[in-house]
Engineer: 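Below are the structure tokens for one structure; questions will follow.
Within every chain, numbering begins at 1; the chains are lettered A, B, ... in the order of the sequence lines, protein sequences first and strands thereafter.
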Protein chains: 2
Amino acid sequence: MAEDAREPAAPAADGGTAARPDRTAATRQALVQAALALFLERGFKATRMSDVAAAAGLAKGTTYLHFKDKESLFADVLRGVLTETGGRRRIGRPRPDEPTRAFLLRTVPPILRELQASGRFGILYLMAREGPQFPAVADTYHETVIVPVLRLVRIYARRAERRGEVRSDALSRLPIIFVAPAILSALWNNLFGRASPLDVAAVFEGYLDLLFGPAPAGSDGPQQT
Amino acid sequence: MAEDAREPAAPAADGGTAARPDRTAATRQALVQAALALFLERGFKATRMSDVAAAAGLAKGTTYLHFKDKESLFADVLRGVLTETGGRRRIGRPRPDEPTRAFLLRTVPPILRELQASGRFGILYLMAREGPQFPAVADTYHETVIVPVLRLVRIYARRAERRGEVRSDALSRLPIIFVAPAILSALWNNLFGRASPLDVAAVFEGYLDLLFGPAPAGSDGPQQT
DNA sequence: GACAAGAATGACCCGCGGGTCATTCTACCG
DNA sequence: CGGTAGAATGACCCGCGGGTCATTCTTGTC
């Protein structure tokens with residue numbers, strides 16, 4: 001971790017307007033946004049600081065008034081995206097007798113679509129590409145995103161297994177199986193997107209059919225072994 | 001694509017021993033091997049030509065007697081790995097009445113284990129990381145590896161669906177779903193491998209349980225709707 | 001042993017891009 | 001208006017690493 005953000009002017013007792021820190025904050029923000037876009041597009045190493053600055057409408061030197069170095073800019077970009085998820089996408093719970101399949105079907109695809117649209121999947125891809133070179137950052141991501149998600153998956157996997165909705169306990173044993181199709185199609189899009197894009201949410205829905213059986217006519221509950 | 005490999009001395013009518021081209025070929029081979037290892041470990045951009053040469057026990061300049069530039073070395077490395085798969089891993093066919101699950105279970109895990117052991121999954125990861133920067137190479141990989149694999153998947157997905165062994169036709173519609181857990185765990189290993197490695201074959205077996213139901217007692221054949 | 005021919009070397013070149021800093025610009029205050 | 005403090009600039013520095021080439025080393029032949 002870095003955190004060294006080069007405190008831009010004491011936000012302490014300012015005699016006059018509070019306009020200054022605002023200007024500064026806006027500039028910072030512009031840089032972070034520009035950097036995010038470029039990092040997503042080209043990756044960390046391949047992005048030049050001069051380009052970041054230019055994209056933010058600033059000169060290269062200015063960047064270094066706000067960020068100690070390239071890596072700390074990267075850390076800030078990441079932190080921004082991770083916390084910006086911020087409002088903390090609430091997942092809600094399934095209604096007492098709601099089939100797990102129905103619950104997942106109404107809950108997950110919108111999230112996937114949002115992740116897709118907001119480019120948050122791009123971050124995932126970015127981490128996959130540059131993670132090895134920045135173990136600290138990769139760890140942060142692992143703990144902030146991956147572990148919680150898998151924990152959540154495990155909870156609902158157990159529920160589905162308890163209710164006999166799925167064919168084995170593999171989901172709760174290896175929660176990565178549950179997220180694999182969605183994640184992989186997201187990666188696919190960042191890789192072959194232009195050529196043949198996949199609709200991540202659609203893939204997920206198809207996957208649900210496979211796991212739980214296709215949409216039931218009435219409410220649900222086909223065979224339970 | 002490059003291919004410009006800088007023909008090392010006319011292999012044509014040599015007046016004397018055929019030893020020369022051998023020496024040359026050996027050196028080439030050493031370079032390719034060293035490059036492969038380093039590319040897998042650090043990625044293309046982050047690998048220095050001087051390191052490749054050193055790893056092959058040669059001086060940097062020598063590398064350029066055998067390869068036009070870094071990129072053409074990369075192309076050669078890739079070509080080597082792709083064709084070396086060479087003997088053409090035969091997949092065999094399921095016996096007439098063999099359940100698809102059983103067939104996959106005896107066929108796929110060994111392949112996965114070999115891919116794992118031989119580091120071929122590393123290539124996959126390498127492509128994921130550097131693909132965007134080298135569209136031509138990514139295309140080659142797409143056509144040489146991905147398309148054929150997905151085609152194969154589709155064939156067996158159809159079989160399983162025809163026989164009513166799986167719960168939906170999502171597999172043949174979106175074959176990526178079938179390979180997702182294995183691929184993603186392979187990528188995971190290249191990313192968090194040291195921390196918490198996954199047994200790719202085990203993940204796949206768990207996934208089979210989920211798709212087809214757990215191992216049947218006798219031979220198989222649960223419900224067909 | 002002399003000599004040719006290819007293989008290998010490593011000092012060198014040079015552009016790219018991260019990072020610095022003396023200077024200029026802007027905005028506000030008395 | 002003069003003063004000042006922080007924001008911004010962009011010319012500059014410099015190491016890194018891809019790529020070159022005059023030179024040396026090896027190997028095989030007569």
Engineer: Rounded to the nearest 0.5 Å, how far does CG of B:Leu124 lie from CE of B:Met127?
Structural biologist: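 Going from CE on B:Met127 over to CG on B:Leu124, the span is 8.5 Å.
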Engineer: Do any N or O atoms of the protein come closer than 3.5 Å to N or O atoms of nucleotides 22-24 of chain C, and which pairs are they?
Structural biologist:
none

Engineer: Only one of B:Phe134, B:Tyr141, B:Phe67 clears ring-ring contact (aromatic ring centres under 6.0 Å, His included) with B:Phe74; which?
Structural biologist: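 Among the candidates, only B:Phe134 passes.
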Engineer: In residues 171-187 of chain A, what donor-acceptor pairs under 3.5 Å come from side-chain atoms, sequence neighbours left out?
Structural biologist:
residue	atom	partner	partner atom	Å
A:Ser172	OG	A:Glu161	OE1	2.9
A:Ser172	OG	A:Glu161	OE2	3.1
A:Ser172	OG	A:Asp169	O	3.3
A:Arg173	NE	A:Asp169	OD1	3.2
A:Ser185	OG	A:Pro181	O	2.4
A:Ser185	OG	A:Ala182	O	3.3

Engineer: With rounding to the nearest 0.5 angstrom, report the NZ to NZ distance, A:Lys45 to A:Lys70.
Structural biologist: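 Result: 8.0 Å between the selected atoms.
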Engineer: Who pairs with A:Phe192 by ring-ring contact (aromatic ring centres under 6.0 Å, His included), at least two apart in sequence or on another chain?
Structural biologist: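 A:Phe192 satisfies ring-ring contact (aromatic ring centres under 6.0 Å, His included) with A:Trp188, B:His142 only.
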Engineer: Among the candidates C:dT20, D:dG18, C:dA8, find the nucleotide nearest to the side-chain atoms of A:Tyr64.
Structural biologist: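 It is C:dT20.
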Engineer: C:dG19 C1' sits how many Å from A:Phe74 CZ, rounded?
Structural biologist: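 These atoms are roughly 19 Å apart.
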Engineer: Collect all protein-nucleotide pairs involving nucleotides 9-11 of chain D in which both atoms are nitrogen or oxygen and the distance is under 3.5 Å.
Structural biologist:
residue	atom	partner	partner atom	Å
D:dT9	OP2	A:Ala59	N	2.7
D:dT9	OP2	A:Thr62	OG1	2.6

Engineer: Between atom CG in A:Asp69 and atom P in C:dG17, what is the gap in whole Å?
Structural biologist: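 Spelled out: CG on A:Asp69 to P on C:dG17 is 18 Å.
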Engineer: Relative to the ring of B:Phe103, is the ring of B:Tyr156 parallel (under 30°), tilted (30 to 60°) or perpendicular (over 60°)?
Structural biologist: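 Plane angle between 30° and 60°, so tilted.
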Engineer: So which of residues 44-55 of chain A are in contact with DNA chain C, with a heavy-atom cut-off of under 4.0 Å?
Structural biologist: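 Here the set is A:Thr47, A:Arg48, A:Met49.
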Engineer: Can you tell me the distance, in whole Å, between the CZ atom of B:Phe67 and the C1' atom of D:dG18?
Structural biologist: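 So the two atoms are 16 Å apart, to the nearest Å.
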Engineer: Using 0.5 Å steps for rounding, measure from the CZ atom of A:Arg28 to the CG atom of A:Leu65.
Structural biologist: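 Answer for the CZ-CG pair, A:Arg28 versus A:Leu65, is 11.0 Å.
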Engineer: Nearest 0.5 Å please: distance from the CG atom of A:Leu211 over to the OG1 atom of A:Thr100.
Structural biologist: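 Answer rounded to 0.5 Å: 11.0 Å.
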Engineer: Under the salt bridge (Lys or Arg N to Asp or Glu O under 4.0 Å) rule, what pairs show up with a residue in residues 123-132 of chain A, not counting sequence neighbours?
Structural biologist: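 Non-adjacent pairs meeting salt bridge (Lys or Arg N to Asp or Glu O under 4.0 Å): zero.
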Engineer: Can you tell me how far CZ of B:Arg120 sits from CD1 of B:Ile111, rounded to the nearest 0.5 angstrom?
Structural biologist: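 Atom-to-atom, B:Ile111:CD1 and B:Arg120:CZ are 11.0 Å apart.
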Engineer: For the side chain of A:Asn189 and the backbone of A:Pro197, is there at least one donor-acceptor N/O pair under 3.5 Å apart?
Structural biologist: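 Not confirmed, A:Asn189 side chain does not pair with A:Pro197 backbone.
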Engineer: With a 4.0 Å limit, can you tell me whether A:Thr27 has a side-chain N or O closer than that to the phosphate oxygens OP1/OP2 of D:dA8?
Structural biologist: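 For D:dA8, OP1/OP2 do have a side-chain N/O of A:Thr27 under 4.0 Å.
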Engineer: How long is the line joining CD of B:Glu71 and P of D:dG17, in whole Å?
Structural biologist: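 After rounding, the reported distance stands at 18 Å.
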Engineer: Please state whether the phosphate of D:dA8, meaning OP1 or OP2, lies under 4.0 angstrom from any side-chain nitrogen or oxygen of A:His66.
Structural biologist: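 Yes, because at least one side-chain N or O of A:His66 sits under 4.0 Å from OP1 or OP2 of D:dA8.
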Engineer: Calculate the interatomic distance between B:Lys68 atom NZ and D:dG18 atom P; express it in whole Å.
Structural biologist: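 For the pair B:Lys68 NZ and D:dG18 P, the rounded distance is 15 Å.
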